[in-house]
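Report on the following structure.
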Amino acid sequence: MEGWKAFLDERERLNLLRRLSPSSTRGPAVVVRAGREYVDFSSNDYLGLSSHPALVAAAEGALGRYGVGAGASRLMSGDLAIHHELEETVAVFKGTEAALVFNSGYQANTGILPALFGRRDAVFADQLCHASQLDGALLSRAKLIRFRHNDPEHLERILAKHRAAFQRALVMTESVFSMDGDRAPLAALLAVCRRHGCRFMVDEAHATGVFGPQGRGCVEAEGLTGEVDLVMGTFSKALGGFGAYLAASRTVVDCLVNSARSFIYTTALPPVVIAANLAALRLCLTGETRGGELLERARSFREALRGRGWAVGGDSQIVPVVVGETDIAVNLSRSIEERGFLALPVRPPTVPEGSARIRFSLTAAHTDGHLSGVLGALGVG
Ligand SMILES: Cc1ncc(COP(=O)(O)O)c(C=O)c1O
């Protein structure tokens, strides 16, 4: 036991003492911790859909009809018509031939890449790509090469240098970056991909539901529907539910059904979750969600912070306030927490050394009072 304690203490030091902090309850904009209510600026429930009556009613209906679990994997008897209905709706939403639902975004990225790429291939990834994308690339055993964040010219240079050494190549990015809240130059990256014979994969986890007409994402917003080979996204953020999807060609989807291990070797998502995801997509498709309004509020919030000298980044509903050193971010987060606002510090290794930050996620559920309150806590207004 002692050996383990020393080993774990060392790991804990490296992990900078992250701790779980349970909330006893949560709504779209508030959480209750240790009996105190906080306005939540750390949630990805960007549209406040997790408790929307349409999602709740859909989930309740599915619960009554199917019970709690799916009972088996999709390739066994866990495959239900409602899974296919969701996939068909995703394909319509994303304007692709087909779509496949995965049990989470993490499982999607770690399943898709190893199924499509291997030892003789290369994956060129933006430096700030999410851990799940990088883990997928590592699992695929393709050579992982990083290009500078949002820098198509750097990508061009490294492709000119390395592309010829590999059989197939993938360029991979997020469309809205989760920690910086900025957006990838998708059209420029796609042009570089095409010049060098690469496939292009975009993770729309933080764009789905918020960007583009009816929240279809940045690929659609930038007129690139049908051009990007692999468009991945999640139901777990703006769509308020759980799980993820890949929107792609029928050929790719059929291949993944037979080869993506994170799809094959896991129990299908419960129908209650699928029904809620379907309800969320329908709300988007009927124009009932208002991603544009959320982006406009985020723009004003960002401007107010900048006006008082804060170093604010991003170009989305995610507003990082970069303070530099970890202890400054931790102390700032604690001080606004004392005033009833939860915005957690993000520090190395999640972000580069010297760029610790407080990440504010704005959601449609925040009231004007919540926004002016947190700005007041930061000395703005
Ligand atoms: C860019 C990105 N991709 C994938 C994921 C994983 O999605 P999920 O939480 O559904 O596993 C996340 C967030 O967690 C993310 O930020």
Side-chain angles (χ1 to χ4, degrees), residues 73-75 79 82-118 121 123 125 129-137 139-140 142 168 170-176 178 184 186 190 193 198-209 211-212 215-220 224-239 241-266 268-269 273-274 277-278 280-281 284:
S73 67
R74 294 282 302 276
L75 286 172
D79 190 33
I82 195 169
H83 291 107
H84 292 263
E85 201 183 338
L86 179 61
E87 286 167 346
E88 281 154 23
T89 309
V90 171
V92 168
F93 184 61
K94 300 299 286 185
T96 54
E97 217 173 45
L100 189 65
V101 168
F102 286 83
N103 286 15
S104 72
Y106 188 87
Q107 282 169 275
N109 282 330
T110 52
I112 295 162
L113 284 134
L116 301 178
F117 298 90
D121 307 326
V123 175
C129 272
H130 189 256
S132 59
Q133 297 176 283
L134 302 176
D135 289 357
L139 276 173
S140 77
R168 288 167 301 174
L170 178 75
V171 169
M172 180 167 81
T173 188
E174 295 180 38
S175 53
V176 171
S178 56
L186 295 179
L190 178 64
C193 277
C198 302
R199 302 280 177 188
F200 191 31
M201 177 169 184
V202 177
D203 180 330
E204 295 247 61
H206 295 273
T208 305
F211 281 86
R216 291 167 194 253
C218 289
V219 169
E220 167 81 20
L224 301 174
T225 299
E227 304 276 330
V228 178
D229 302 283
L230 306 166
V231 185
M232 174 270 175
T234 61
F235 298 106
S236 53
K237 301 184 184 349
L239 298 181
F242 190 65
Y245 63 82
L246 177 75
S249 69
R250 168 60 54 201
T251 311
V252 165
V253 166
D254 288 347
C255 164
L256 292 176
V257 168
N258 289 284
S259 55
R261 294 169 71 82
S262 67
F263 173 85
I264 299 169
Y265 299 108
T266 193
L269 275 183
V273 170
I274 298 292
N277 293 343
L278 201 44
L281 278 187
C284 289

Separation between [atom1] of [X] and [atom2] of [Y], rounded to the nearest 0.5 Å:
{"X": "T266", "Y": "L75", "atom1": "OG1", "atom2": "CG", "value": "11.5 Å"}
{"X": "M232", "Y": "E174", "atom1": "CE", "atom2": "CD", "value": "9.0 Å"}
{"X": "Q133", "Y": "D203", "atom1": "CD", "atom2": "CG", "value": "4.5 Å"}
{"X": "C193", "Y": "L170", "atom1": "SG", "atom2": "CG", "value": "7.5 Å"}
{"X": "K237", "Y": "S178", "atom1": "NZ", "atom2": "OG", "value": "8.0 Å"}
{"X": "Y265", "Y": "S73", "atom1": "OH", "atom2": "OG", "value": "9.5 Å"}

Would you say T225 and E220 are linked by a side-chain donor-acceptor pair, where the criterion is simply a distance under 3.5 Å?
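Looking only at side-chain atoms, T225 and E220 do form a donor-acceptor pair, the distance falling under 3.5 Å.
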Donor-acceptor contact present, side-chain D121 to main-chain G118, <3.5 Å
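Checking the backbone N and O of G118 against the side chain of D121, a donor-acceptor pair under 3.5 Å is found.
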Within the structure provided, determine whether [X] and [Y] are in side-chain contact (heavy-atom separation under 4.5 Å).
{"X": "T173", "Y": "L186", "value": "yes"}
{"X": "F263", "Y": "L256", "value": "no"}
{"X": "L116", "Y": "R199", "value": "no"}
{"X": "L278", "Y": "E85", "value": "yes"}

Does any pair with a residue in residues 244-259 pass salt bridge (Lys or Arg N to Asp or Glu O under 4.0 Å), and if so which ones, sequence neighbours excluded?
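Applying salt bridge (Lys or Arg N to Asp or Glu O under 4.0 Å) to every pair that reaches into residues 244-259, excluding sequence neighbours, yields R250-D254.
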So, for [X] and [Y], which heavy atoms are closest and what is the spacing to 0.1 Å?
{"X": "R74", "Y": "D79", "answer": "NE-OD1, 2.7 Å"}
{"X": "L230", "Y": "A248", "answer": "CD2-CB, 4.2 Å"}
{"X": "T110", "Y": "D135", "answer": "CG2-CB, 3.8 Å"}
{"X": "G209", "Y": "A238", "answer": "CA-CB, 4.2 Å"}
{"X": "L134", "Y": "C129", "answer": "CD1-O, 3.7 Å"}
{"X": "A260", "Y": "F102", "answer": "CB-CE2, 4.1 Å"}

Side chain to side chain contact (heavy atoms under 4.5 Å, CB included) between M201 and V171: does it pass, once the steps are laid out?
CA-CA 6 Å; M201 177 169 184; V171 169; over 6 Å; no
Partner residues of E227 under the salt bridge (Lys or Arg N to Asp or Glu O under 4.0 Å) criterion, sequence neighbours left out
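In terms of salt bridge (Lys or Arg N to Asp or Glu O under 4.0 Å), with neighbours along the sequence ignored, E227 is linked to no residue.
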Only counting residues at least two apart or in another chain, list the ones meeting salt bridge (Lys or Arg N to Asp or Glu O under 4.0 Å) with K94.
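Checked K94 against salt bridge (Lys or Arg N to Asp or Glu O under 4.0 Å); matches are E204.
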Taking side chain to side chain contact (heavy atoms under 4.5 Å, CB included) as the criterion, tell me which of V273, L269, I274, L281 meets it with F235.
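Only one of V273, L269, I274, L281 forms a side chain to side chain contact (heavy atoms under 4.5 Å, CB included) with F235, namely L281.
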Please identify which of these residues, T234, N277, T208, meets the side chain to side chain donor-acceptor pair (under 3.5 Å) condition with Y245.
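Going through T234, N277, T208 one by one, the side chain to side chain donor-acceptor pair (under 3.5 Å) with Y245 is satisfied by T208 alone.
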Taking side chain to side chain donor-acceptor pair (under 3.5 Å) as the criterion, tell me which of S262, S132, S104 meets it with N109.
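Per the side chain to side chain donor-acceptor pair (under 3.5 Å) rule, the option paired with N109 is S132, out of S262, S132, S104.
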Tell me, with the steps shown, if L246 and V252 meet side chain to side chain contact (heavy atoms under 4.5 Å, CB included).
CA-CA 10 Å; L246 177 75; V252 165; 4.1 Å; yes
Passes side chain to side chain contact (heavy atoms under 4.5 Å, CB included), E87 versus L100? Steps please.
CA-CA 6 Å; E87 286 167 346; L100 189 65; 3.5 Å; yes
What's the verdict on side chain to side chain contact (heavy atoms under 4.5 Å, CB included) for L239 and C284, showing C-alpha distance, side-chain angles and the deciding distance?
CA-CA 9 Å; L239 298 181; C284 289; 3.7 Å; yes
